[in-house]
Every structure is written in C-alpha cells, then in structure tokens.
Amino acid sequence: MTGRHIKIFATGGTIAGKAGSATGREYTPGQIGVEELLAEVARLDLPARLFGTQFASIGSEDIGPALWHQLHRACVSASAEDDCLGIIITHGTDTAEETAFLLDQTLPTAKPVILVGAMRPADAVGSDGMRNFANAVRVAADAEAAGRGVLLVMSDHIFAARDVRKARTEGVDAFRGFPRGPVGHVTPTSLEWFGAPWRTGEALRLEFHQNMPKVIILYAYAGMPGEDVAAAVRSGAKGLVLAGFGQGNAPAEVRSALAQAARTGVPVVRASRVDQGLVDRELDDDANGFIAARALGPPKARVLLQLLLANGISDPVRMQAAFDRR
Ligand code: DGL
C-alpha cells in the first residue's frame with residue numbers, strides 16, 4: 001500500500017537541466033534524475049507523498065509518439081489507482097503544449113494531470129524549476145483540479161492544455177493561454193481557480209494509437225507556390241495543416257492546391273501563423289472541404305488532425321465539430 005500520493009513522471013527538459021555555473025548561458029537539459037528531484041523537494045514540506053518514475057532524460061524537441069505512448073499508458077494505469085490523487089509530468093517547455101494537448105484529448109480520466117517545466121536550469125541564479133514543481137504539486141493535490149483536463153503549470157499560472165502555448169523564448173513568464181488566459185493562479189502557499197471546472201462528466205475521448213498518421217504543417221509565406229502543397233501530398237501526408245496568414249489565408253494557388261488535396265481525401269485544416277490567431281469558418285470552406293482550426297495553433301491542430309484520422313474520423317463535419325469543442 002502506498003497511501004494517497006501523486007505520481008511524478010520525469011522526461012527531462014530544462015527543469016532537469018544544469019549549466020554547471022549559476023550564470024552560464026549554455027546548459028544541458030535532462031541532467032537531474034527524478035530521484036534527485038524528489039530528494040530536493042523533500043525539504044519543501046509539500047502536501048502529498050510523491051513517487052517518481054524516470055521515462056526519459058531528453059529535451060522535449062525529441063519527444064514524439066513513442067514517448068507519448070509510454071506516458072499515455074502510465075497515466076491510464078496510475079489514474080486507475082484509488083490512492084493516486086494525480087500525476088505530474090516534468091517536461092521541456094518547447095513541446096509541452098503538444099504533449100499536454102495530446103493527453104488532454106486521449107486520457108480517460110478526470111484526475112488531475114499536470115505538466116510542469118522550467119525556463120532556467122536547476123543550477124541557474126533565479127531558477128524557476130523548484131517553484132514551478134511545488135506549484136504543480138499543490139495543483140495535483142487539489143480536489144478542485146479534477147475535471148479540468150490536462151493542465152500546465154508555469155510561473156504561478158495554471159493553463160488548460162487546449163489554451164496553452166509557449167509565447168516567449170526567454171524569461172520565466174514564457175507561456176500564454178489563448179483564447180482563455182490562465183484558468184487559475186498558484187503559489188506554494190495558495191491556489192485560486194478562476195471559475196468552476198468547464199468539463200462535467202467524462203469528455204468524449206479519442207483513442208491514442210502510437211502509429212500516428214503523417215500530417216504536415218505548411219507555413220504560409222509571401223510568394224508561397226502551390227507546389228509546396230503538392231510536394232507535401234507526394235511525400236505521403238495523410239492530412240495538412242495550413243499555418244496561414246491572418247485568419248488562415250494563403251496565396252490563391254496554394255488555396256487551390258489545398259482544395260485539390262481535400263478533394264482527393266487529404267483533409268486540410270486552416271490554422272494561423274499569427275500567435276493569437278482565431279480562425280473561424282469562412283464561406284468557401286464548405287466548397288473547398290476545409291476545416292477551421294478555431295483557436296488551436298498549428299502544432300495542436302496537427303495533433304488533433306492526427307488523432308481524428310487515427311480514430312477513423314474523416315468526415316469534414318465531424319472533424320470540424322472536434323475543432324469546435326472546448
Ligand atoms: N530543449 C528544450 C526542451 O526540453 C529545453 C528548453 C526547456 O525545457 O525549456 O524543451
């Protein structure tokens with residue numbers, strides 16, 4: 001018997017990174033193992049028992065379906081344990097939003113699953129990792145965290161997976177929520193939710209299959225030729241996400257190449273290359289067979305399109321409904 005506890009799944013990133021100097025610029029992510037992390041946090045007098053498992057010691061640029069598969073399986077089995085209050089995943093910040101969103105869409109649990117990272121390595125002056133971690137423990141141990149989907153905790157903010165995105169490359173306040181800002185505020189001694197859980201009961205869950213279909217993001221640029229679309233389709237893409245101008249726009253020849261792709265059964269999602277880009281449906285979307293990404297940026301639109309395809313959902317109306325869901 002382990003008693004009531006929180007599981008810590010460690011993957012590496014800057015939260016486990018070391019520079020070897022408090023002021024050094026260069027550092028290596030994923031240097032500190034989960035045991036060392038837990039020994040370090042033992043002195044913080046946190047409100048729960050913690051059990052750690054090391055899944056990887058890598059920068060999150062190298063995280064993808066293979067590690068997602070392991071994390072997904074572990075989250076499913078941990079969340080089925082009565083004594084497990086919640087799960088914290090330590091993660092590099094670069095792709096944290098994709099892992100958070102993937103788990104959010106696929107985990108069949110209402111228990112809290114929290115991603116946490118750091119912008120400064122553990123031995124840097126002003127390191128943010130321990131504070132972020134202590135905050136994540138507070139969130140995972142909170143009964144009101146249940147039913148809010150997968151969350152990401154950074155710089156005293158709590159974000160929902162669907163909203164969160166890395167918006168800055170430097171500084172501890174690197175994440176933003178869009179279209180909602182943070183859904184709560186947390187410090188090691190306080191926790192405030194900005195409203196009630198927005199999900200009630202079990203949400204519709206997509207199955208996670210490790211073999212995710214190939215979906216390519218096409219980043220729009222001035223003078224982009226339609227040939228970019230054709231090349232992506234020739235390379236075997238099963239779906240395309242346009243990181244378009246403004247509200248998901250692209251040069252005329254790209255739009256017609258995308259419509260051609262959609263006609264041949266390669267679904268096309270229009271997202272925006274603008275950081276806070278909301279892409280609504282437009283009149284031509286029905287005729288072109290396009291799907292509007294709404295508030296999802298290109299990386300998360302790609303993950304959702306992969307999941308839909310892997311779950312055999314290819315009807316544009318059903319796909320659009322998944323993008324419309326909050
Ligand atoms: N390569 C980065 C990553 O693991 C390190 C940066 C970070 O964790 O913030 O995502």
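Counting convention: from 1, in listed order, for ligands and their atoms alike.
Under a 4.0 Å criterion applied to the non-hydrogen atoms of Tyr27, ligand 1 contributes the atoms 5 (C), 6 (C). Counting atoms of ligand 1 from 1 in the listed order, those under 4.0 Å from a heavy atom of Glu61 are 1 (N), 2 (C), 3 (C), 4 (O), 10 (O). Below 4.0 Å from some heavy atom of Gly59 lie the following atoms of ligand 1, by number and element: 4 (O). With ligand atoms numbered from 1 in the order given, ligand 1 contributes 5 (C), 6 (C), 7 (C), 8 (O), 9 (O) to contacts under 4.0 Å with heavy atoms of Thr14. For ligand 1 and Gly13, the ligand atoms under 4.0 Å from any heavy atom of the residue are 4 (O), 8 (O). Shown in contact with Gly92 at under 4.0 Å from a heavy atom are these atoms of ligand 1, numbered in order with element: 3 (C), 4 (O), 8 (O), 10 (O).
Every heavy atom of Gly17 sits 4.0 Å or more from the atoms of ligand 1.
When the options Gln247, Arg270, Arg294 are evaluated for a side-chain hydrogen bond (donor to acceptor under 3.5 Å, both in side chains) with Asp280, the one that passes is Arg294.
Ionic pairing of Asp82 and Arg4 is not present here: no N-O contact between side-chain nitrogen and carboxylate oxygen is shorter than 4.0 angstrom. Taking a cutoff of 4.0 Å between a charged side-chain nitrogen and a carboxylate oxygen, Lys166 and Asp94 qualify as a salt bridge.
By the 3.5 Å distance cut-off applied to N or O atoms, His91 is not counted among the residues near ligand 1. Annotation: Ser60 places an N or O atom under 3.5 Å from an N or O atom of ligand 1; distance criterion only. In terms of polar-atom proximity, Asp94 is counted as a contact of ligand 1, with an N or O under 3.5 Å from an N or O of the ligand.
Using a 4.0 Å cut-off between heavy atoms, Ala118 contacts ligand 1 through its backbone alone, with no side-chain atom that close.
By the 30° and 60° cut-offs, the orientation of the rings of Phe175 relative to Phe159 is tilted. Using the six-membered ring where Trp is involved, Phe208 and Trp68 have ring planes that are perpendicular, over 60° apart on the 30 and 60° scheme.
Of all heavy-atom pairs between Val116 and Phe133, the closest is CG2-N, 4.0 Å.
Counting only heavy atoms from C-beta outward, the side chains of Phe101 and Glu98 never approach each other to under 4.5 Å.
Among all protein heavy atoms, the one lying closest to atom 9 (O) of ligand 1 is Thr93 OG1, 2.3 Å.
Looking only at atom types and distance, the side chain of Tyr221 has a donor-acceptor partner in the side chain of Asp228 under 3.5 Å away.
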